[in-house]
There are 2 protein chains.
Amino acid sequence: MMPILHLDFGKRLPKLSIILWYKHPGECIGALDRTRECGEQGGMNKQKLIGQEPVSLATVAAQAGVSVATVSRIVNGETRRASAETVERVQKIVAALGYRPNHVGRTLRRRESRVVAMLSPNLDNPAMAAIAASVETALRSAGYVMILCDTHDRADLQDEYLHVMRSQVVQGYIVVNPVRSEALSASVSRGDPIVFVGRRNPDGGGAFVGIDNRRAGRDAADHLWARGIEEFGVIYPTQGSSATRDRVGGFITRLEELGLSDEAVRQAEAPGLSHLEVGYAAAQRLVNGHSWPQGLFCPSDLMAYGAYRLALETKVRIPEDCRVVGVDDNKLNAWIAPWLTSVHIPYADFGAKVLDQLQSLWAGEYPSEQLLPHTLIVR
Amino acid sequence: MMPILHLDFGKRLPKLSIILWYKHPGECIGALDRTRECGEQGGMNKQKLIGQEPVSLATVAAQAGVSVATVSRIVNGETRRASAETVERVQKIVAALGYRPNHVGRTLRRRESRVVAMLSPNLDNPAMAAIAASVETALRSAGYVMILCDTHDRADLQDEYLHVMRSQVVQGYIVVNPVRSEALSASVSRGDPIVFVGRRNPDGGGAFVGIDNRRAGRDAADHLWARGIEEFGVIYPTQGSSATRDRVGGFITRLEELGLSDEAVRQAEAPGLSHLEVGYAAAQRLVNGHSWPQGLFCPSDLMAYGAYRLALETKVRIPEDCRVVGVDDNKLNAWIAPWLTSVHIPYADFGAKVLDQLQSLWAGEYPSEQLLPHTLIVR
DNA sequence: CTGAAAGCGCTTACAG
DNA sequence: CTGAAAGCGCTTACAG
């Protein structure tokens, strides 16, 4: 499709050599603002496709017969400071050459980018993927792009990413389910714009987007209680995050308030990072030697799935023998887990809130917490 | 924790003003290589945290009493070209100041970055999230970072992102399930390094990572056939991608080869982007006025989930009344969808293959296709 | 209304 | 072994 131009200069052309490619006089269809060494490619001789080299401000300026300063202003919408003819001519050439500002040059000069880093543990978790999707959409609508970093819930990876992102001159950080780490504390002390999502800042303080996890646990307790259930169970991961602890804590506290004794609320935990497996293992411990409780609270849907598998294997019927309440309300529940009541977390709304928080931080406002409303979805 | 220094200069300091902060003589604990205007912050007076400003090469060089060129070389591991003492002194100061190279400056100068753009439709889809997670991990291990762009399967968004990514001077593109678009064709003609995943380049050609979709469909057919099934059904989205078409095509072709007549293989389609809803709607059309087929092939697990919901609602038992085969083998199947046989796609291995492909492209090799093995997981 | 010039942080031939 | 200098692409006071 594209015509191929054979170029074979012995040396680099001097700076600012500009090659323009015309279809007809007056209709420029491509430009190189410099030639560069072209390595051998697939055994062919040195060659270059027209237009392969991005067009720079200098090319546009040369074409238009104005200075780069003028082009820069016009490209940035500062059209009042140039004559109407100049503006039009430049805009025409910008369009013809398909000029797009190089954000790297701009970032270096302005000392600010339109890039935000998002650190998330295991994207594999549908809840994390939902947050990522929502944040990405919100950022795009505000003209930002997102570098996604999967920390695998590891402090060392979180630190590495924080360092690398700083090198990339990102404009802000979104840390989903942070873990305590050196670089994170340093970043916070430095006053970097950073929004915590899901779990709070392990060192306390900072901007936060999430739900009222204690309240979510209480709501789960109330729901089961209202169903007349008398024997309760709750399972959780040994290495619980603040979010998990709050959910479980709220659940148990509420049952105590309702007058339940300790033995009416059985608890079990299991180690591990995969909530699926933790749910399975913890459920095993919970029912070890006992029957299943009438009502089981799992601080995440994935844990509920883990428990469900054990129920299947042991021929316990869910929800007939044991009502299960999860948290997250995975989108798939409505389709394939009709046995699971779950606390819906409005992940789809997280993106907008996270953006709000970032913009507040950029405006120099004091960090705040944004708690979004959750809803119990009864199935 | 961090000490606060009140700075109130009437004007900017001249370039290269350097403020170093010592705890004891000889032990530098922070540095500003320039002061900048500090806006009012929360009503407090102008102030700055020590170390807030990133340390530049110039700062390190000044501290070490050498040129930036020398520091640059050492930081980049070119230690043979400096005396051992110099290297040691510089490295010590780099460590003390916590210097990290600014990748923006480096990118501008080298005209290459360590950033790769990944364009994906709906991250909401667990299969897409799995690919993103896998690619992210592979890129990180090779020292790259990933900008994630959610195109929502829309050509206009895909184009916008391709343009913005070019502005960001990304080093390569990974396009999952591409759609035909202007900027994509332009990017391909330009010779940009771009790897297609899942679906092929709509214009043909290019580097590709995926599975043999026709074969996957054939395997599904063979599985159901071997179970003695005689009435088959298949559902698919009206706006099918090449991947979907190939899966369905393989399925039907194989059944024809086995001697099945057209009426023994019922087909139904439904419009939409959400495979969950497409699956539900298409299943409705499939069984409209008929009984369910004995075996149903769905070109994605999500479509199978959609069909499952209809089965639940209409009291059809899966798999007793109808065996369902999906594609993707969602991780959750093993836990909560034990009724679903599915073609497992090794998404976890995609990342490494995608990286291979990118590196080939960077090395100037001719683009190729990488087909990964799939497996039928029978449940 | 427009442009020359400095500079963002870095790299890299080139000269010594 | 080391440094001065040019330059990546852009922006922005400043001067005219």
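Naming: A, B, ... by sequence-line order, numbering from 1 per chain. Values in this document were obtained by computation on a predicted structure and should not be read as measured data.
Within the 4.5 Å cutoff, side-chain heavy atoms of B:N76 are placed close to those of B:R106. Looking at A:L119 and A:Q158, their side chains come closer than 4.5 Å, going by heavy atoms from C-beta outward. Using a 4.5 Å cut-off on side-chain heavy atoms (C-beta onward), B:V164 and A:V145 make contact. Annotation: side chain of B:M118 is not in contact with side chain of B:Y161 (no heavy-atom distance under 4.5 Å).
Protein atom CD1 of B:I74 is 14 Å distant from nucleotide atom C1' of C:dT11, rounded to whole Å. The CZ atom of B:R111 sits 13 Å away from the C1' atom of D:dC10 (whole-angstrom rounding). When rounded to the nearest whole Å, the span between CZ of B:R110 and C1' of D:dG9 equals 17 Å. We find that CZ of B:R166 is positioned 12 Å from P of D:dC10, with the value rounded to whole Å. To the nearest angstrom, P of D:dC1 lies 12 Å from CD of B:E78. Between the C1' atom of C:dG7 and the CG atom of A:L108 lies a distance of 9 Å, rounded to the nearest Å. When the P atom of D:dC1 is taken as reference, atom CZ of B:R73 falls 12 Å away, rounded to whole Å. Put simply, CZ on A:R109 is 12 Å from C1' on C:dG9, counting in whole angstrom units.
Using a 4.0 Å heavy-atom criterion, one finds that B:S83 contacts the sugar-phosphate atoms exclusively. Using a 4.0 Å heavy-atom cutoff across all strands shown, B:A69 reaches at least one base atom of the nucleic acid. Across all strands shown, A:T86 has heavy atoms under 4.0 Å from sugar-phosphate atoms exclusively, and none from any base. Counting non-hydrogen atoms under 4.0 angstrom, A:R106 reaches the backbone sugars and phosphates but no base. A:V104 comes within contact range of no nucleotide atom at all, as no heavy-atom separation falls under 4.0 Å.
Contact check, A:T70 against C:dG3: a side-chain N or O comes under 4.0 Å of OP1 or OP2. A sub-4.0 Å separation between OP1 or OP2 of D:dC10 and a side-chain N or O of A:T107 is absent.
With hydrogens and angles ignored, the 3.5 Å screen pairs no side-chain donor or acceptor of A:Q171 with any backbone N or O of A:V115.
The side chain of A:S56 sits closest to D:dC10 out of D:dT2, C:dG3, D:dC10. In this structure, of D:dA4, C:dG3, D:dG9, it is D:dG9 that holds the atom nearest to the side chain of A:N102.
Using a 4.0 Å cut-off between charged side-chain N and carboxylate O, B:R111 and A:E53 make a salt bridge.
To the nearest whole angstrom, the two P atoms, one in D:dA5 and one in D:dC1, are 24 Å apart. Comparing D:dT2 with D:dA6, their P atoms sit 23 Å apart, to the nearest whole Å. Across the P atoms, C:dA13 and C:dG9 are found 23 Å apart, a figure rounded to whole Å.
Taking a pair to require two hydrogen-bonding distances under 3.5 Å in either a Watson-Crick or a G-U wobble arrangement, D:dT2 pairs with C:dA15.
Where B:G105 and B:V87 each meet DNA chain D at their nearest nucleotide, the meeting point lying more 5' is that of B:V87.
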